Structures are given as structure tokens and as C-alpha cells.
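Letters A, B, ... are given to chains in the order of the sequence lines, protein chains preceding strands, and every chain is numbered from 1. Computed from a prediction, not measured in an experiment: that's the story for all the values here.
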There are 2 protein chains.
Amino acid sequence: MIAEQGVASLAVEPLARRMGITKGSFYWHFANREALLEQALQRWEEHDARNLNTALGAIAKPRDRLISFFRRVGQERLTHDVYSALCAAADHAQVIPVLDRVAERRMRHIAAAFEELGFTTGRARHRAQLVYSVYLGFLQLQRQKQAPELSSNAFEDYVDHVIETLVPA
Amino acid sequence: MIAEQGVASLAVEPLARRMGITKGSFYWHFANREALLEQALQRWEEHDARNLNTALGAIAKPRDRLISFFRRVGQERLTHDVYSALCAAADHAQVIPVLDRVAERRMRHIAAAFEELGFTTGRARHRAQLVYSVYLGFLQLQRQKQAPELSSNAFEDYVDHVIETLVPA
DNA sequence: GATTTTCCATACTCTGGCGTATGGATATTT
DNA sequence: AAATATCCATACGCCAGAGTATGGAAAATC
């Protein structure tokens with residue numbers, strides 16, 4: 001798991017240098033760069049799917065589940081940083097299906113919560129897409145360093161505003 | 001203006017090939033690749049700033065201004081596609097300042113509109129960041145081809161929901 | 001009409017990452 | 001102990017894009 005400063009950075013030679021080994025060694029473990037990326041993506045996706053279930057699946061009340069979704073953006077930096085890096089590489093053939101599945105999975109969770117809150121299926125899907133867009137947009141602003149510092153008061157205030165605006169009381 | 005399929009695609013040799021010229025010719029017009037990118041970015045930013053003023057500056061009612069902002073995402077594909085490509089390259093040293101300025105400029109406009117609608121300065125800024133995040137997130141989903149087709153009914157429905165949720169009546 | 005400037009092509013070097021060939025060392029098996 | 005399997009390094013070839021050197025043709029200048 002080393003895709004925390006870009007996806008392209010997961011190159012063979014730089015990686016080998018950083019790990020103190022050489023290419024010759026690397027190509028004994030992996031067939032090629034593609035295989036490395038594939039495995040890294042798969043591991044991350046599995047971790048993320050598990051995370052989604054354990055973190056949000058356990059919360060009974062749908063409203064608390066949604067609130068928890070927003071608050072979790074401030075925690076588990078690593079996962080979100082990886083995801084952010086993947087989003088920046090949304091043109092890469094290997095990451096597209098991963099991004100698709102992860103986004104779809106998360107949005108389904110969110111839409112389900114809104115349905116439990118009494119939204120119709122259509123409105124719930126719209127609201128879920130809206131909520132997820134807010135998340136994606138926040139990641140983008142974070143990449144540009146224009147988002148409030150996580151674990152700062154400004155971030156808390158912003159999250160409160162988001163919840164207040166998007167999650168019905 | 002040819003950065004519509006990635007920023008990295010603005011390379012010297014592919015570009016030259018596509019234009020039917022050669023590198024030798026290119027390097028007479030530009031000092032290097034950096035100069036080309038710089039000029040392209042500058043031209044686009046100026047165009048975008050002008051666009052912001054002419055399109056939204058003319059609308060008197062703040063609510064209509066906000067609604068127009070959302071609806072415009074469906075139009076002027078080119079500008080938004082360029083911006084989307086730039087967002088995907090938010091780690092590039094040259095595009096960072098451009099992205100910063102453009103986002104800041106747009107969010108100021110949005111925040112001003114909310115202030116006119118009676119929001120306090122703080123709430124207006126939060127809501128502007130929220131609105132802008134929705135826009136950024138939509139661009140991301142579009143890159144992943146998970147956003148509704150522009151100029152489709154699904155898109156219209158979604159935009160209606162967004163306006164209804166984020167712009168007070 | 002000769003000369004300089006403008007614009008572009010050919011041909012080269014250089015760099016960095018991908019992938020392969022091959023051999024050496026340690027550990028495991030027989 | 002000999003043979004085989006495992007893990008890693010050195011050294012190579014290949015490719016694509018960046019940038020440079022040089023020259024040639026057309027057009028503007030003198």
C-alpha cells in the first residue's frame with residue numbers, strides 16, 4: 001500500500017529504489033507493473049468494502065449512519081488519501097472498474113439510509129449522489145489544499161453545516 | 001486549447017504529430033513544454049474568468065444566479081471538460097495555482113449570492129464550499145462515467161433535486 | 001538582386017522507466 | 001553432501017518523450 005502520493009508513483013524502479021531492492025528482484029515477485037497495481041488495487045478495495053460494512057453497517061439509525069459517514073472523512077486518512085489518489089487517475093484503465101465499484105457500493109449504502117428516512121427510491125438515489133458528490137468535491141479541494149484542515153474547528157464547523165443541510169432532522 | 005483528454009496529453013511530440021508539424025518547428029514557437037502549458041493555462045483561466053462575469057454577473061437575482069450556475073454545468077462542455085482535466089492533474093506544479101485561483105474566484109461568487117439571500121458571512125462561505133464541492137464531485141463522477149448524461153432527463157431531475165436541496169426558496 | 005529574418009524539417013543526444021537475461025548466494029530438499 | 005528451489009543483483013536492450021544542432025526554403029527587408 002504505497003499509492004499515497006499518486007498512482008503513477010507506483011512505478012517499478014522508483015519503488016525498488018525506495019525499498020532498497022532492485023528491478024531484478026521485483027520481477028521475480030510480480031510479472032509486471034500491471035500485476036503489482038492490480039494486486040494493490042484489489043487489496044485496497046477489499047479493505048474498503050470491509051470498512052464500509054463494519055463502520056456503517058453496525059449503526060442502526062439511518063440518520064446516525066449518514067452523520068457517521070461525514071465524520072469518518074476526517075478519520076481514516078489513509079483510505080481516503082488512497083481513494084483521492086485513485087480519483088486523480090480516473091483515466092487509467094485499471095483503476096476505472098475499481099472506482100466504479102467502490103463509488104457504486106458506497107452510494108447504495110447512502111441511498112439505503114435515505115430510503116429508511118422516508119425518501120422515495122428516486123429521491124434517495126438523487127440525494128445519495130448529491131452527498132457522495134460533496135465527499136468527492138471535498139477530496140478534490142483537499143488535493144488543492146483549499147479544504148479546511150482535518151481535525152480543526154473549521155472542519156468541524158463545515159461538517160456540521162453539511163449535515164444540517166443534507167441530512168433531514 | 002487541446003487539453004481535453006488529459007493534461008499530460010499536452011506533450012510536444014504527440015501534439016506536433018497531430019498538428020502535422022515536427023518538434024523542430026514547435027521549439028521555434030515555444031521555449032519548452034512548460035511555456036506551452038503556461039500559455040494554455042493562462043488563456044483558459046482568462047476565458048473562464050470572463051465567462052464567470054458575463055454569465056453570472058449579469059443576473060440580478062441571487063437565486064437565479066445560483067440556479068444558473070448549476071444549469072451551466074450542462075452547457076459549455078468544453079470549459080468544464082478542461083477544468084475536469086485540470087482537477088485530475090491537481091498534483092502538477094503549474095496547474096495548482098490556476099486551480100486555486102479559479103476555485104477561489106468561483107466560490108466567492110457563490111458565497112456572495114448566498115449572502116445576498118440573507119446568509120451570514122460564515123454560513124455563506126460554508127454553503128458556497130458545499131455547492132462547489134457538489135460541482136467538483138459531479139465532474140469526478142462524470143470522469144468515471146457514473147454521472148447522468150448531460151442533456152438527458154436524468155440530469156435535469158438531478159439538477160432540480162440539487163437546487164431544491166441547496167438553494168433556499 | 002542580395003541579405004537577413006521567419007518558419008519548419010531532419011537528425012541527433014539524453015534521460016527515465018519497462019522488461020529480460022543471466023549468474024550468484026542462501027535455503028531447502030533428497 | 002549433492003541437487004534443486006528460492007530470492008536477489010548486475011547488466012543489458014528497448015522505447016518514448018524532451019530538448020539541441022543544423023540547414024533549407026520562402027518571405028520580408030535593404
Side-chain angles (χ1 to χ4, degrees), chain A residues 1-47 78 81-100 143-144, chain B residues 1-47 78 81-100 143-144:
Chain A
M1 261 54 174
I2 329 128
E4 284 75 29
Q5 46 192 28
V7 167
S9 79
L10 209 57
V12 176
E13 296 193 51
L15 186 80
R17 269 198 299 276
R18 179 171 151 183
M19 309 216 324
I21 61 169
T22 58
K23 283 191 302 182
S25 171
F26 172 87
Y27 278 97
W28 191 90
H29 294 282
F30 295 94
N32 46 31
R33 186 187 120 94
E34 188 184 328
L36 164 70
L37 230 182
E38 193 60 42
Q39 180 169 325
L41 289 174
Q42 190 185 329
R43 289 170 80 94
W44 176 81
E45 186 181 349
E46 282 169 9
H47 172 270
L78 194 72
D81 285 350
V82 173
Y83 186 56
S84 182
L86 293 184
C87 285
D91 56 335
H92 195 296
Q94 280 182 271
V95 315
I96 292 176
V98 178
L99 244 41
D100 276 16
R143 272 204 299 275
Q144 299 174 211
Chain B
M1 260 54 175
I2 328 126
E4 284 74 32
Q5 46 192 24
V7 167
S9 79
L10 209 57
V12 176
E13 294 193 54
L15 185 81
R17 269 198 297 276
R18 179 172 150 182
M19 308 217 325
I21 61 169
T22 58
K23 284 193 300 182
S25 171
F26 172 87
Y27 278 99
W28 191 88
H29 294 282
F30 296 94
N32 48 32
R33 186 186 120 94
E34 187 185 328
L36 165 71
L37 232 181
E38 191 60 42
Q39 178 170 327
L41 289 174
Q42 190 185 328
R43 289 170 80 94
W44 177 81
E45 186 182 348
E46 282 170 10
H47 170 271
L78 193 72
D81 284 351
V82 172
Y83 186 57
S84 182
L86 294 184
C87 286
D91 55 334
H92 195 296
Q94 280 182 269
V95 314
I96 292 175
V98 178
L99 244 42
D100 277 16
R143 271 203 299 273
Q144 297 173 213

Please list, for nucleotides 6-10 of chain D, all pairs of protein and nucleotide N/O atoms separated by less than 3.5 Å.
residue, atom, partner, partner atom, Å
D:dC8, OP2, A:H29, NE2, 2.7
D:dA9, OP2, A:T22, N, 3.1
D:dA9, OP2, A:T22, OG1, 3.0

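Between the CG atom of B:L37 and the C1' atom of D:dG17 there is a distance of 15 Å, given to the nearest Å. Distance CG (B:L15) to P (D:dG19): 13 Å, rounded to an integer number of Å. Regarding A:Y27, its OH atom lies at a distance of 14 Å from the C1' atom of D:dC12, rounded to whole Å. Between the C1' atom of C:dG17 and the CG atom of A:N32 lies a distance of 14 Å, rounded to the nearest Å. In this structure, A:R33 places its CZ atom 8 Å from P of C:dG19, rounding to the nearest Å. Atom CZ of B:F30 is separated from atom C1' of D:dT20 by 18 Å (rounded to the nearest Å).
Sorted by first then second residue, the side chain to side chain donor-acceptor pair (under 3.5 Å) pairs that include residues 84-93 of chain B, not counting sequence neighbours, are B:S84-B:R143.
The minimum heavy-atom distance between B:W44 and B:V98, with the atom names listed, is CZ3-CG1, 4.1 Å.
Partners of A:T22 by side-chain contact (heavy atoms from CB on, under 4.5 Å), not counting sequence neighbours, listed by chain and number: A:S25. Under the side-chain hydrogen bond (donor to acceptor under 3.5 Å, both in side chains) criterion, B:Q42 pairs with B:E46, not counting sequence neighbours. Partners of B:E34 according to the side-chain hydrogen bond (donor to acceptor under 3.5 Å, both in side chains) rule, which considers only residues two or more places apart in sequence or in another chain, do not exist here.
Note: A:I21 CD1 to A:W28 CH2 = 12.0 Å, rounded to the nearest 0.5 Å.
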